[in-house]
Every structure is written in structure tokens, then in C-alpha cells.
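Everything below concerns the one structure shown next.
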Amino acid sequence: MQPVVVPSPDGSVRVDGRRVALGELPSVVASAGAAARWTWDDTNRWYPGLLAAGVRVDRSHDLRLAHRILRGSALAAWPGPADAPPGPWDTLPPAPLTPADEPAMLFAAPGPSSGPAEGPDPLAELAVQDAVVAASPSAGRLRLLLAAESAGALAAVEMYHAGLPWLADVHDAVLTETLGPRPRLGERPARLEELAQLIRGALDAPASLNPDSPQDLLRALQRAGVGARTLRKWELEKLDHPVVEPLLEYKSLYRLLTANGWAWLEAWVREGRFRSEYVVGGVVTGRWASSGGGALQLPKSVRRAVVADPGWTFVVADAAQLEPRVLAAMAGDDAMAAAGRGPDGRGADMYAGIVASGAVPTRELAKVGMLGAMYGGTTGSSGQVLPRLAKTFPRSLAFVDEAARAGERGEIVTTHLGRSSPLPGATWHEAQSGAYQDDAGDDDVARARSYARSWGRFTRNFVVQGTAAEWALCWIASIRRRLWALGPADVSAGLVPPPFDARPHLVFFVHDEIVVHTPAALADAVAAEVQAAAAEAGRLLFGDFPVQFPLSVAVAPSYADAK
DNA sequence: GGCTACAGCCAC
DNA sequence: AAACGTGGCTGTAGCC
């Protein structure tokens, strides 16, 4: 059963040909049951209103997200000319999510200029997508990718709906401990002011020196003969001068103040919850992006403020060495998969397994070597161990090298489930053709090489990062289904809104890590389901190939204590 | 005052 | 370990 939500000009919708007033949609969805795959233009547009009415959707098909994947996929043949101009399904941005205390336009009557009737036709689009998938020799993989992407879109809206539990007073305590009490508007916190004085003293600089001004600061460093050419942390660390220590501390505290200080707290935390909008598929590789509050860069120092509601706790899980394991499976590399299983058959540390294989002497070298292989690093010890890794794991290394060469030739590459990379742009092609002009100089040739190599590093990483993102989507899809199946617990709802008020639910996701907020009594069951979901994701992508995806799982009422 | 570019740092 | 992949976000600086 695949009901399609079709907006009407009068502000109602049609579902399977039947007119449904917007206010009736939640009850229509609820009565359709879990077998229905709700199909609509944009999950962000319809799902918040359903959740606000307490209605969860089990399965969906997000036409906008699916279109973007299919349009670019090398595993699918989209009808029409390849250079057809982008249509509405290509250019439509996701509908913005709205905080619960702001007027929700989602189910409001449409305005004259933005009525849903002006949007493209969901029924026609679904028919095209179904035909494109059915005609693909890799239909199974594409179906899995589209289902996982759509499930991810549901999970992203659910996480926004529930919010990440956040204690503002703990956050304030962290800031006060490290920076001093909150200063008046326009003033520096006490600790920063102290450090500014120390910096001026060490540089013999006047009181007018403002460490927040890169120009001022760099000039003062040069005048004092410190030998700094930039203000980068890792370059300052190499210098031997009394200003370095207070300056590094200043920069670190200044960053905390500006990025996650009191202003951040006031802007992004409401009623005990931090809500950031996840942008599903917002990164070219298929990773999620986020918008507002920087959810994907929450510094470790403020995670103490992430505290479960009374009677609730967190299950925090992250996939150990996800990307090299994904690479081993994509490349069909039995040797690397074996290293991932470790000597005891259930290795939780793939880098230790690589050491045990004899390829490299230390875990650190195994790690930097694999990162170098996946990022395209060539220098330093990363570059030095690559030949040894290539000898022990020829399949994996050849796989990423081939992806890099395709990029250098200006070709697209594709993830395991079928998300393809974009083509390089006009500047790239101009640089390449510039190297073949009659009057091309060494500079032109070098520029073309540099551009080609850079795009090769992108495509090299794309196949691994993109496939890891697919594993994570399958993991999330499985987790949210399994959590719902656990059912409600006897616990106070606290701040948790329906339909999750007594149920474990996802509240945070960063690429290879999830946080579940759960009634404390269900924590062990949740941990088991999260583990089972990881194994299921591995099977969905790679079938019987013997690659393992071990997790580190912790149960704790504070995010900071779970790491 | 708005806009863009850039440097820098946080996360994975 | 080195500065090599993907991003968001903040501030300064310089432009209109």
C-alpha cells in the first residue's frame, strides 16, 4: 500500500483520489496502519504536523530526495536528455522545520504565492521513479538506498520533534568554570581578559592590542620576533616563545565563547531541548548536514549539558572504524575483513587487527595509513606506510586508487548502493584544457595536474564516505523500527512529546554515532537492538560478505559520561 | 547596514 | 601524524 499525498489548490490534499482536509490527515494516516508507505514531495513538509498530532509514520517515500539520487545515479537511466535543465524536483529546497512555539505553517492555509498546487505532480514523479528503478540492473540496491534515505528523513524530523535534552544550567556552569561569570554585553569574560593581558605582556604590546583582530595580533607577533607566519594553532604550537601558551588558551576559550557560549545557549536551547535541523543528504556524499546551532560539531566540552530526563537515560553507540570496514566490504577484501574481525574473531579494533596482520608495526601507523588511503594523503608517515598496506591489502587499496584515477579523468564514481558523484565544474575543465593549448607553460600543466589530483582525492573519498553514509542510513532505519517495536515503558513523560512520551527514541546522530533517549528500564533492551541494527545494516549492504561492524555502546544519563 | 571572502576551529 | 576528505559556523576585514 503506497498512498500518495497530493496537494490541492484549495489547501486540502488528495490521498488515493480522496479529498482529505489538512486537519483530517493525521487520523487518516493513523488509521492506514504500519503497512502503508506514505509518499509525498517532502517529508519536512508533512511529517512535523503529523508528529505534532501524535502520529508516527512507519515507512515513507520522499520524492524530492529520491529524485536527487536517481537523477545523478550511474545505476539508473533517467529519461530524457542528460543535459536537460534542472526541474523543480532538482531545485526544490527542503521545507524548513519550525520550532513548536513558533507559528507552524505546515498545516495552515497556503498563501496565494506558495500554494501547493503550484508544485510539481507527485503522482507523475512517482511513476517515473518507479519505472527508472525497475529498469535498472541494480534495482535492488537502488530500492534499498531510496528506502533508507526516506527512513532517514523520517528519523531526522523525529529527532527535531523530540529535541536533544539539554540542561542550560549545566551549560552555564561549564562556561562559568572555564571563562568566568557571564560578562556584560560587549565585555570580555574575566579569564579571557586575564589572558589578553598576559599576551600583551609577553609581546611587550600596548593595551590597545586586541587579540580578536587577526591583523593586529599577527603584526604584534611579527614585531616581537615570534616568527609566526599565520595564527593557526598547529603552527603556533611549534614556536618557542612565552606568548604561545596564553595565546593558545585564549584562542581555545574564545572559540568556546563565540561558538557555544551564552549567546548560543539563548539562541538554540528552549525548554530543556536543543533542536537543530538535520539536512538529510545535505552533503554531496550523502552524509547529513545540519542547519542552526551546529549540531554536527558539538564540542566535547559542552556535552556535559546533555542530560537525560528524570527516569530516563541515554544509550550512546558509535561504529568502530566504520569507513575502513566499509572499504573492505566494497572492495571484497577478505584480508582486510579478517583484520577487522581480529585474532579472536570479534575484533572491536580494526587497527589492532591490521597490526596483527603484520602490515604495520603500530596501531597509530595503521590508523594514519588507512586515513591516508581514504583521504588521498601522500606525505609524512601516512605516505610511507601506504606501500606496506597496499601489499597486505591490495584489493582495498586498488579500489580507492581506481576511484581516484576516475576522478582525475573527470569521470563520476558511485557508492555501493548507487549514489553518484557530481561531475567537475567549468573551472576544472578549463584548467585541464589549458594544459593542452599550444602556448601552455609549465604553470598551466602544473595547475591542470593539481586540479585533477584534487578531484581525484574527492572521488577517492566519495566512494568510502558515501557508502559509510549508506550503512549509517540503514542502521538508523533499523534502529527506529526496532525502538518502536519495544513499546512503551512505565515512566513519566517529562518533556518528551507524544508519540514518544514513554518510548525510547533517537535524539542525536553524527555520521557514525547515535544517541537514544530511553526510559531507564529499557536501556539494556535498547542497547541490544542498536547492536542488532548494526549487524542488520551490514547484511543489507553487503549480504554474506564476512565484514563486521562492531559498536562501542554505553549507557549513561549524561552524554559526556558515555564516551 | 548588507554582502562576500577568508581564516580558523569544531565535528566526523 | 600532518595539514590529505566532508561539512557548519564565527569573527574580522573589505567592499558597496
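For clarity, every value in this text was computed on a predicted model and none was experimentally measured. To find a chain, count down the sequence lines: A is the first, B the second, and so on, and within it residues start at 1.
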Using whole Å, what does the distance between atom P of nucleotide C/dT12 and atom CZ of A/R255 come to?
14 Å
With a 6.0 Å cut-off on ring centres, are A/F542 and A/H416 close enough?
yes
Just checking A/D212: base, sugar-phosphate only, or nothing, at a heavy-atom cut-off of under 4.0 Å?
sugar-phosphate
Would you check if the side chain of A/S396 reaches a backbone N or O of A/A331 as a donor-acceptor pair within less than 3.5 Å?
no
Short side-chain N/O contact from A/K300 to OP1 or OP2 of B/dC12, under 4.0 Å:
yes
On DNA chain C, nearest-nucleotide positions of A/S276 versus A/N461: which is more 5'?
A/N461
Please report the shortest heavy-atom distance between A/A220 and A/L203, naming the atom on each side.
CB-CD1, 4.0 Å
Select one nucleotide: of B/dC10, C/dT10, C/dT12, the one nearest the side-chain heavy atoms of A/T258.
C/dT10
In whole Å, I'd like the distance from the CG atom of A/N260 to the C1' atom of C/dG11.
14 Å
Which is true for A/V464 with a 4.0 Å heavy-atom rule: it touches a base, it touches only sugar-phosphate, or it touches nothing?
nothing
C/dA1, OP1 or OP2 - any side-chain N/O from A/K367 closer than 4.0 Å?
no
Which listed nucleotide (C/dG11, C/dG8, B/dC12) is nearest to the side chain of A/A289?
C/dG8
A/Y254 side chain: which of B/dC9, B/dC12, C/dT12 is closest?
C/dT12
Tell me what A/R453 touches on the nucleic acid: a base, only sugar-phosphate, or nothing, going by heavy atoms under 4.0 Å.
nothing
Name the nucleic acid region contacted by A/G292, choosing base, sugar-phosphate or nothing; use a 4.0 angstrom heavy-atom cut-off, strictly under.
sugar-phosphate
Is A/F462 touching bases, backbone alone, or none of the nucleic acid, heavy atoms closer than 4.0 Å?
nothing
Over how many whole Å does the gap from A/R232 atom CZ to C/dA1 atom P extend?
21 Å
With the threshold set at 4.0 Å, does a side-chain nitrogen-carboxylate oxygen contact exist between A/R304 and A/E177?
yes
Please tell me whether A/R273 and A/Y160 have a donor and an acceptor in their side chains that are separated by less than 3.5 angstrom.
no
Can you measure A/Q321 atom CD to B/dC12 atom P for me and round it to whole angstrom units?
14 Å
Between A/S291 and A/W234, who's closer to the 5' end of DNA chain C by nearest nucleotide?
A/W234
Using a heavy-atom cut-off of 4.0 Å across all strands, would you classify A/L298 as base, sugar-phosphate, or nothing?
sugar-phosphate
Please state whether the phosphate of C/dG5, meaning OP1 or OP2, lies under 4.0 angstrom from any side-chain nitrogen or oxygen of A/R457.
yes
So A/R287, base contact, sugar-phosphate only, or nothing? Heavy-atom distance under 4.0 Å.
base
Rounded distance in Å - CG (A/L386) to C1' (C/dA2):
13 Å
Have a look at A/G376 and say if it touches a base, only the backbone sugar-phosphate, or nothing, with a 4.0 Å heavy-atom cut-off.
base
How close or far is atom P of C/dG11 from atom CG of A/L257, stated in whole angstroms?
8 Å
Side-chain N,O (A/Q297) to OP1/OP2 (C/dG8) below 4.0 Å
no
Closest to side chain of A/H511, choosing from C/dT6, B/dC12, B/dG8:
B/dC12
Closer than 4.0 Å, any side-chain N/O of A/S213 to the OP1 or OP2 of C/dA13?
yes
Take atom CG of A/L256 and atom P of B/dC9, then tell me their distance rounded to the nearest Å.
14 Å
Contact class for A/L231 vs. all strands (heavy atom < 4.0 Å): base, sugar-phosphate, or nothing?
sugar-phosphate
Please report the C-alpha distance between A/R71 and A/D90 in whole Å, then the side-chain angles of each, then the deciding distance to 0.1 Å, and finally whether the salt bridge (Lys or Arg N to Asp or Glu O under 4.0 Å) criterion is met.
CA-CA 8 Å; A/R71 198 55 217 274; A/D90 298 296; 3.0 Å; yes
Sugar-phosphate, base or nothing in reach of A/G383, heavy atoms under 4.0 Å:
nothing
What is the separation between atom OH on A/Y278 and atom P on C/dG8, rounded to the nearest whole Å?
14 Å
Any idea which heavy atoms bring A/F509 and A/W288 closest together, and the distance?
CD2-CE3, 3.4 Å
Heavy atoms from C-beta onward define the side chain here; which of C/dT6, B/dA11, C/dA1 lies closest to that of A/V368?
C/dA1
Given B/dC9, B/dC12, C/dG11, the nucleotide with the shortest approach to the side chain of A/K233:
B/dC9
Please tell me if A/Q215 has a side-chain N or O lying less than 4.0 Å from either OP1 or OP2 of C/dG14.
yes
